[in-house]
Each structure stands twice: as C-alpha cells, then as structure tokens.
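All remarks here apply to the structure that follows.
Within every chain, numbering begins at 1; the chains are lettered A, B, ... in the order of the sequence lines, protein sequences first and strands thereafter. Quick caveat: nothing in here was measured; it's all calculated off a predicted structure.
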Protein chains: 2
Amino acid sequence: MFSKACEYGIRASMYIALQSLEGKRVSLKEIAEEIDSPVAFTAKILQQLSRNKIVDSVKGSAGGFQIEKEQIKKIKLSEIVYAIDGDNVYVGCGLGLKKCNANKPCPVHDKFVAIRDNLKNMLESASLQEMTEGLEVGTTYLKR
Amino acid sequence: MFSKACEYGIRASMYIALQSLEGKRVSLKEIAEEIDSPVAFTAKILQQLSRNKIVDSVKGSAGGFQIEKEQIKKIKLSEIVYAIDGDNVYVGCGLGLKKCNANKPCPVHDKFVAIRDNLKNMLESASLQEMTEGLEVGTTYLKR
DNA sequence: AGAAATTCGGATAAATTTATCCTGTTTATG
DNA sequence: CATAAACAGGATAAATTTATCCGAATTTCT
Ligand code: FES
Ligand code: FES
C-alpha cells in the first residue's frame with residue numbers, strides 16, 4: 001500500500017506528535033527506537049518531512065524533532081503520505097496503466113476508484129491529533 | 001497496491017480469458033503485446049499462474065495459453081493476486097507492523113481494516129468473466 | 001525425420017527501494 | 001571557548017523487484 005519509507009514516516013510523525021503534546025522534543029535515536037525503525041533511514045525520512053514542514057527539526061545539543069500543537073490538530077495523514085510517496089496513491093491505476101483515466105478505463109476502474117476514494121477520504125480526514133489519542137491511553141501501538 | 005508482477009498477471013489473465021472465450025489460444029508474445037508488458041518477465045509470471053492452475057499452458061508449436069470457459073466464470077481476481085503477491089494484501093498492517101493484529105492495533109487499524117475488507121470483497125467477487133465483458137464491447141482497456 | 005514455433009527454467013543483469021556510513025554544521029552547556 | 005549532542009546531506013552498500021538472455025524440452029507441420 002505505502003512504501004516502507006512512508007510507513008516509517010507516518011509512525012515517526014505519530015510518535016513526535018505524541019511527545020510534542022507533552023511538550024517534549026525527541027531525538028532521532030529515540031524515535032527510531034520507539035517506532036522500531038532503522039536509525040539512518042529514518043533520518044532521511046525525517047529530513048523529507050522537515051523540508052515539507054510536517055515536522056520541525058532543531059539542530060544542536062538538546063535539539064531534535066517536534067510538531068507544534070496547532071499543527072498536530074491540522075496535519076492529516078494524507079499530507080505525510082504525499083510528502084513521501086507523492087500522488088501515486090491517488091492517480092495510479094489498479095492494474096498499472098500509466099495513470100488512472102476514466103476515459104479509457106481498465107477493467108477494474110470503477111471498483112478500484114471506489115476503494116481508492118475510500119482510502120483517500122480516510123487519509124484526508126485522519127489528523128495526527130486523532131491518531132495520538134489511542135497511543136496516549138495505550139489502546140494502539142507504534143511497534144510490537 | 002499490487003506489485004508490477006501482479007498487475008501484469010491480472011492483465012494477462014484477462015487477455016487470455018478474453019481470447020479463450022472465442023476459442024483462441026494465445027502465445028506469450030501476443031499477450032505481452034496486447035497488455036504492453038515486457039515479454040520475458042511476463043513469461044515468468046505466466047509460469048506462476050500456470051503452476052497455480054489459473055491458466056493452462058500448452059507447449060510446442062501452436063501452443064500457448066488458455067483458460068477453460070468454466071474456469072473463466074469461476075476464477076476471481078483474488079486468486080490471481082494470491083498466486084503472485086501472496087496474502088500480504090490481507091494480513092499486512094497499513095503502517096508496516098509485522099502483521100495486522102486487532103489485539104495490538106496500530107493507530108490506523110480500524111480505518112485500514114475497513115478499506116482492506118472493501119478491497120478484499122472486491123477481489124473475491126470480481127470474476128475473470130465479469131472483467132472481460134467491458135473488453136469485449138470496447139468500454140475497458142488493457143493498455144493505452 | 002527435420003524444421004519451426006512455442007513454453008520452461010536457470011542464470012544473470014538492471015533498476016529501484018531500503019539501509020548504512022561518514023563528514024560537516026549547528027547549538028546548548030559547562 | 002571547548003566539548004558534546006544532535007541534525008543535514010552526500011556517498012555508498014545491501015536487498016528486493018523488475019527485466020533480460022539463453023539453452024532445453026515439447027509439439028506441430030511439412
Ligand atoms: S484506469 Fe485502472 S483504475 Fe482507473
Ligand atoms: S494493526 Fe495496523 S492495520 Fe491492523
């Protein structure tokens with residue numbers, strides 16, 4: 001569904017959001033530990049997220065990553081996915097034709113579009129804030 | 001969503017089904033041309049489909065691939081996907097945790113499961129037969 | 001029987017994704 | 001000001017997926 005990079009990116013954003021809500025800034029090392037991801041690869045992804053203004057990075061000693069509380073409410077999963085995987089989730093054809101195109105549809109087009117729209121709505125409505133709620137009360141997890 | 005191999009596999013199966021309904025057996029070369037896929041790679045995928053009894057292959061001159069008419073009615077897209085991509089569509093977690101697990105769910109679990117079930121139902125209900133109907137009348141396409 | 005058309009399967013190569021390493025820069029702190 | 005902690009970014013490596021090549025086996029047709 002999503003690339004590994006994107007999965008790590010989402011999990012990392014969720015963890016940063018969770019800690020930012022408590023006023024804590026977190027280091028790359030801590031993030032990678034808490035979401036069970038490879039450190040250096042996660043660094044690359046966080047750079048992307050930082051460039052895309054999804055997370056704030058602070059250099060230097062006592063630096064790390066954080067997300068402003070206002071942003072945590074506003075940022076939707078769709079923005080994270082877009083920053084890392086681009087728009088292929090939205091424009092891709094289920095059977096791999098160049099782009100999904102209703103004028104020359106593949107045989108699964110109608111059914112696939114329904115599923116994709118479903119996914120799209122989910123991603124566009126789910127905020128980081130919403131995602132952290134289960135983490136706070138311990139009903140959802142970022143690693144096992 | 002699906003691997004390239006799987007996309008080619010689905011498109012190839014659809015083309016073979018389309019021709020089989022007219023009593024025609026088709027060669028690898030023709031298939032690859034008609035679905036716009038790399039010949040040798042498509043050969044590998046057809047081998048897999050053949051081993052999984054999704055298509056019949058006939059060796060030798062005038063050989064090629066075909067699917068029995070009875071089978072065209074019965075075979076669902078889910079079987080093709082399973083033969084090539086395995087069950088990761090069904091058991092995978094949206095955020096990349098080892099396996100989707102309702103007992104220790106990731107933050108998107110509930111929403112993701114809904115989408116996945118949607119996809120699953122689609123794949124399990126769509127038969128090759130149904131897929132060929134649009135191709136026959138020219139309202140759907142396997143390449144552009 | 002011989003030639004041609006075709007799939008099968010193993011080996012290999014190219015491309016992409018995932019992951020690591022290392023050096024440089026920034027910044028808090030003592 | 002020196003040091004240590006931390007991110008940034010380029011180069012590189014490993015793993016996986018995608019793709020190609022080629023010889024062998026099978027079958028039809030002349
Ligand atoms: S054309 Fe294939 S999904 Fe729209
Ligand atoms: S645990 Fe992540 S989708 Fe079910």
Pairing of Glu130(A) and Lys111(B) as salt bridge, 4.0 angstrom limit: yes
Flag, side chain of Asp85(A) to backbone of Val81(A), donor-acceptor distance under 3.5 Å: no
Minimum heavy-atom distance between Ala83(B) and Leu49(B), given as atom pair plus value: CB-CD2, 4.3 Å
Along DNA chain C, first and last positions that approach a heavy atom of chain B under 4.0 Å: dA4(C) to dA11(C)
Contact list for DNA chain C against residues 46-72 of chain A - heavy-atom distance below 4.0 Å: Lys59(A), Gly60(A), Ser61(A)
Donor-acceptor pair, side chain of Lys143(A) and main chain of Tyr141(A), under 3.5 angstrom: no
Exercise: identify the closest heavy-atom pair between Ile67(B) and Ala17(B): CD1-N, 4.1 Å
Distance, nearest 0.5 Å, that separates OG1 of Thr42(A) from CG of Leu46(A): 6.5 Å
Pairwise 5' ranking along DNA chain C for Ser27(B) and Lys44(B), keeping only the more 5' one: Ser27(B)
Validation row: Tyr15(B), Arg11(B) side chains within 4.5 angstrom (heavy atoms): no
Contact summary for Phe112(A) and Gly92(A), nearest pair of heavy atoms: CE2-O, 3.7 Å
Rounded distance (nearest 0.5 Å) linking atom SG of Cys106(A) with atom CG of Leu142(B): 8.5 Å
Check: Glu136(A) and Leu21(A) side chains under 4.5 Å, non-hydrogen atoms: yes
Separation of dG10(D) C1' from Phe41(A) CZ (nearest whole Å): 16 Å
Neighbours of DNA chain D within residues 33-40 of chain B, by heavy-atom distance under 4.0 Å: Pro38(B), Ala40(B)
